[in-house]
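Worth saying up front: this structure is predicted, and the values here are computed from it rather than measured. Positions are given from 1 along the sequence.
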Amino acid sequence: MKLKTRIIVSFFIIILEPLLFTGVAFWGFSQYQLKAIEKQYGIENATYESLTNTAEVINSMTSGAIGRLSEAAKESPKDLENIEYLDSINKELEQVHSYLIVREDDKIRYIGCDPYPSELISRLPDYKDDSGDSSDGFYLGGKIKALVKQIDFETSEHGKGSLFVVSSVFKTLPQIEELIRNMLAAVVIILTVTALGLTWWIYRGVISPLDKLRTATQKIKEGNLDFSIASEGVNEISDLCQDFEAMRQRLKENAEEKLEFDKDNKELISNISHDLKTPITAIKGYVEGIMDGVANTPEKMDRYIHTIYNKANDMDRLINELTFYSKMDTNRIPYTFNKISVTEFFDDCAEELDSELESKSVQFQYSNYVGPEVLVIADAEQIKRVINNIVSNSLKYMGSSRERRINLRVKDVGDFVQVEIEDNGKGIAAKDLPNIFDRFYRTDASRNSSKGGSGIGLSIVKKIMEDHGGKVWATSKENIGTVMYFVLRKYQEVPMNE
């Protein structure tokens with residue numbers, strides 16, 4: 001639910017819910033009080049008017065006593081001077097919270113309430129000569145709060161007199177007061193529950209998610225990214241939570257990438273340092289041999305110089321590899337794509353490899369199954385780097401316990417040219433094979449460190465092939481050998497429509 005919608009709903013809940021539940025409460029309490037009135041006062045089919053028209057209820061409750069008093073006022077006024085008769089009537093009136101007052105010649109002859117309010121006596125009306133008929137009564141407010149019925153009569157001895165039936169409004173109909181108290185309590189409860197419900201609803205939809213976001217922000221500030229934010233609350237807050245969670249995940253990925261990058265750099269520096277130290281140590285040793293006169297024959301001098309040259313080339317290769325790695329990491333590899341004849345290019349590569357491998361006592365065999373007309377779009381220098389890296393990797397782990405051999409095959413496979421470089425080395429375990437093109441991956445850390453190598457040669461191969469729109473993979477069997485494959489898409493001219 002959107003925040004705007006929630007605010008509108010809250011507005012109507014604040015207005016309508018209290019009204020609805022107050023109405024229900026009033027109906028329930030009033031029905032209960034009406035039943036109580038019917039039972040207590042014998043009023044049949046009591047209605048809401050019975051609660052609001054107190055005079056009607058009091059008239060109904062005192063009608064019997066007033067009827068007898070009216071009849072006595074007409075037929076036998078002397079009975080109204082009989083205290084026992086008046087007491088009997090007054091006891092009946094007391095059952096309905098009423099009492100009797102008799103006044104003759106402006107003197108109070110009888111009063112059925114003790115103590116009685118003095119203000120009441122002074123406010124009683126004068127004789128009206130209604131010939132004994134009871135009036136509808138009148139209400140005395142102020143401190144008295146009573147409904148008064150007046151019956152006038154005359155006696156031969158005392159003259160004019162009046163009977164007053166005084167009924168306490170709230171004592172006579174306590175259900176009204178109870179209804180008012182219950183309704184006040186109900187309204188307070190309804191408003192409290194409504195306020196608590198809305199507060200919880202708003203807190204759950206707005207405040208609670210914002211508080212969680214604040215806590216998450218604090219965690220990120222402290223560098224803790226190992227948590228998650230669930231989408232909750234109103235739509236706007238939920239969307240904010242989703243965006244925040246996406247940001248946290250991205251920050252965590254960046255942090256992990258940075259850690260991995262730092263680790264790779266440290267490992268690269270370690271590997272390069274190891275690889276540079278070996279040829280430098282060798283160069284120093286051979287130079288010292290020359291300086292000390294150890295190379296005292298032309299043959300020995302030539303061998304020393306040749307070794308120094310080879311070690312310098314190794315150092316140059318390592319530095320070039322490091323330089324290429326830095327360019328690869330920032331996607332700034334300088335490619336120069338041209339149309340290349342597959343046959344000519346690989347014939348030249350095979351010639352160079354044959355010369356190099358022969359000096360290292362490695363047998364080399366080259367097979368080309370591609371026609372002379374086949375072309376590819378590629379960077380010749382980078383493809384040559386791919387071949388050299390693969391061959392160098394093969395030589396590094398080939399061992400010397402048996403005759404070493406490397407085969408280069410170039411095949412036509414439909415729309416692609418497939419290159420295969422096979423060796424008869426120690427092979428690669430099946431569990432390591434899927435990871436050999438990952439940066440710095442070591443199948444055997446101890447063997448790698450002893451053999452040297454920066455650990456990025458095959459990852460450079462993979463990067464170059466991907467940039468050429470091709471791919472590279474390998475198959476291997478332990479103690480038999482490894483075959484490296486890579487493919488290049490053929491160049492095909494698209495004929496122009498005439």
Expected output: side-chain D379 to main-chain E381 donor-acceptor under 3.5 Å: yes
Heavy-atom donor-acceptor pair, T215 side chain to D211 backbone, under 3.5 Å: yes
Criterion ring-ring contact (aromatic ring centres under 6.0 Å, His included) on H468 and F486, from CA distance to verdict: CA-CA 11 Å; H468 276 73; F486 66 87; 9.5 Å; no
Heavy-atom closest pair, residues K463 and Y335: O-OH, 4.1 Å
R303 side chain to A295 backbone, donor-acceptor under 3.5 Å: no
Reported CE-to-CG distance for the pair M315 and N310, which is rounded to 0.5 angstrom: 13.0 Å
N-O pairing of K471 and E466 below 4.0 Å: no
Y286 and Y304 aromatic ring geometry - parallel, tilted or perpendicular at 30°/60° bounds: perpendicular
Which atom of A216 lies closest to which atom of F227, heavy atoms considered: CB-CE1, 3.5 Å
Over all atoms of both residues, closest heavy-atom pair of L408 and L353: CD2-CD1, 4.3 Å
Side chain to side chain donor-acceptor pair (under 3.5 Å) assessment of Y366 paired with N407: CA-CA 6 Å; Y366 168 62; N407 298 329; over 6 Å; no
Expected output: side-chain S355 to main-chain E352 donor-acceptor under 3.5 Å: no
Greater than 12 external heavy atoms within 6.0 Å of F337's CZ: yes
Evaluation steps, side-chain contact (heavy atoms from CB on, under 4.5 Å), between N338 and T336: CA-CA 7 Å; N338 294 298; T336 304; 3.6 Å; yes
Side chain proximity check, C241 to L213, heavy atoms < 4.5 angstrom: yes
Pairwise side-chain contact, M465 with V386, heavy-atom cut-off 4.5 Å (strictly under): yes
Criterion side-chain contact (heavy atoms from CB on, under 4.5 Å) on M484 and I390, from CA distance to verdict: CA-CA 7 Å; M484 293 283 182; I390 293 175; 3.6 Å; yes
pair K311-I283: side-chain heavy atoms closer than 4.5 Å: yes
Side-chain touch D412/Y369, heavy atoms, less than 4.5 angstrom: no
Shortest non-hydrogen separation from S476 to G481 and the atoms involved: OG-O, 3.2 Å
Closest contact, heavy atoms only, C349 versus I387: SG-CD1, 4.0 Å
Any side-chain heavy-atom pair of I460 and N389 under 4.5 Å: yes
Residue pair D348, K384: steps toward the side-chain contact (heavy atoms from CB on, under 4.5 Å) verdict: CA-CA 10 Å; D348 291 341; K384 189 171 292 186; 5.6 Å; no
Main-chain N/O of E403 paired to N424 side chain as donor or acceptor, under 3.5 Å: yes
Close side-chain approach of L357 and I406, heavy atoms under 4.5 Å: yes
Flag side-chain contact, heavy atom, 4.5 Å: V410 against V417: yes
Close side-chain approach of V342 and L375, heavy atoms under 4.5 Å: no
Distance-only polar pair, side chains of Q418 and E420, donor-acceptor under 3.5 Å: yes
R489 side-chain N/O to G470 backbone N/O, donor-acceptor pair under 3.5 Å: no
E356/K360 ion pair, N-O < 4.0 Å: yes
Reported CZ-to-CG distance for the pair R248 and N224, which is rounded to 0.5 angstrom: 9.0 Å
Under 3.5 Å: donor-acceptor pair, side chain of D292, backbone of V294: no
Closest contact, heavy atoms only, T482 versus G427: OG1-CA, 3.5 Å
Crowding at CD, E351 (>12 non-hydrogen neighbours, <6.0 Å): no
Crowding at CD, Q249 (>12 non-hydrogen neighbours, <6.0 Å): yes
Residues V362, D423; criterion side-chain contact (heavy atoms from CB on, under 4.5 Å); working and verdict: CA-CA 10 Å; V362 178; D423 65 53; over 6 Å; no
Presence of salt bridge, K219 and E222, under 4.0 angstrom: no
